[in-house]
Amino acid sequence: IFLPHLVASMEVEESYIMIKPDGVQRGLVGEIISRFEKKGFKLKGLKLFECPKELAEEHYKDLSSKPFFPKLISYITSGPVVCMAWEGVGVVASARKLIGATNPLQAEPGTIRGDLAIQTGRNVVHGSDSPENGKREIALWFKEGELTDWTPVQTPWLIE
Ligand code: IDP
Ligand code: MG
């Protein structure tokens with residue numbers, strides 16, 4: 001039998017994960033990084049960064065017609081964010097599960113948003129929604145030379 005969703009999840013992918021300004025201000029940086037680190041994904045890029053308005057607008061351009069777009073842009077540019085590039089088998093969908101639903105009140109307990117946030121407009125973290133967008137967003141937020149490829153010693157203990 002052919003199970004495309006299972007085949008897809010075996011791919012090595014990259015996801016752009018970002019701790020939003022509320023996550024930084026609330027002292028949740030370590031807690032959030034830890035969830036991806038403990039899962040076993042590989043960190044390839046990490047920086048504290050003040051996001052220019054133009055970059056926030058480009059990142060969220062698909063939402064530009066939404067009524068909440070101006071508030072979203074001022075939220076994302078209201079303080080430093082933590083930008084991360086994570087790599088792993090199935091990392092895109094897995095990170096979305098670790099993050100939880102967009103509305104934190106609907107996010108399951110155990111997820112980042114389910115455990116740590118209340119409102120959609122203050123939902124502490126971003127995660128790419130497809131492998132294509134993972135690549136696109138990492139290229140958008142990181143310059144060449146800011147990403148590091150390395151071989152974690154734990155890999156054979158995570159992947160058969
Ligand atoms: P996602 O972050 O779970 O992928 P998206 O629908 O892609 O959710 O929306 C991007 C971000 O825009 C959300 O994480 C949230 O910060 C913000 N957002 C989405 N919908 C609303 C809304 O109805 N009100 C306020 N902010 C919203
Ligand atoms: Mg999204």
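Counting convention: from 1, in listed order, for ligands and their atoms alike.
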Can you check whether K44 reaches F142 side chain to side chain, under 4.5 Å on heavy atoms?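 No. Closest side-chain heavy atoms not under 4.5 Å.
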Among the heavy atoms of [X], does any lie under 4.0 Å from an atom of ligand 1?
X	result
K20	yes
K66	no
N123	yes

Nearest non-hydrogen protein atom, [atom]:
atom	answer
atom 20 (N) of ligand 1	F68 CZ, 3.2 Å
atom 15 (C) of ligand 1	T120 O, 3.4 Å
atom 9 (O) of ligand 1	L63 CD1, 3.5 Å
atom 8 (O) of ligand 1	T102 OG1, 3.3 Å

Report yes if some N/O of R96 lies less than 3.5 Å from some N/O of ligand 1; otherwise report no.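 Checking ligand 1 against R96, an N or O pair does fall under 3.5 Å apart.
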For ligand 1, is there an N or O atom under 3.5 Å from any N or O atom of R113?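 Yes, since at least one N or O of R113 sits under 3.5 Å from an N or O of ligand 1.
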Under the 6.0 Å and 45° cation-pi test, does K20 pair with Y75? no
Would you kindly check if the NZ (Lys) or CZ (Arg) of K47 is within the cone defined by 45 degrees around the ring axis of F49 and under 6.0 Å from the six-membered ring centre?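 Checked: cation-pi criterion met.
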Is L43 reachable from M18 through a run of I, L, V, M, F, W or Y residues, each pair having side-chain heavy atoms under 4.5 Å apart?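 Cluster IDs for M18 and L43 differ.
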Atoms of ligand 1 under 4.0 Å from any heavy atom of L72, numbered from 1 in the order shown, are 12 (O), 16 (O), 17 (C)
State yes or no: are the ring centers of F36 and W86 separated by less than 6.0 Å?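 Here the rings of W86 and F36 have centres that are less than 6.0 Å from each other.
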For W141 and Y16, take the angle between the two ring planes, folded into 0 to 90°, and tell me which bin it lands in: parallel under 30, tilted 30 to 60, perpendicular over 60.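 Judged by the thresholds at 30° and 60°, the geometry between W141 and Y16 is parallel.
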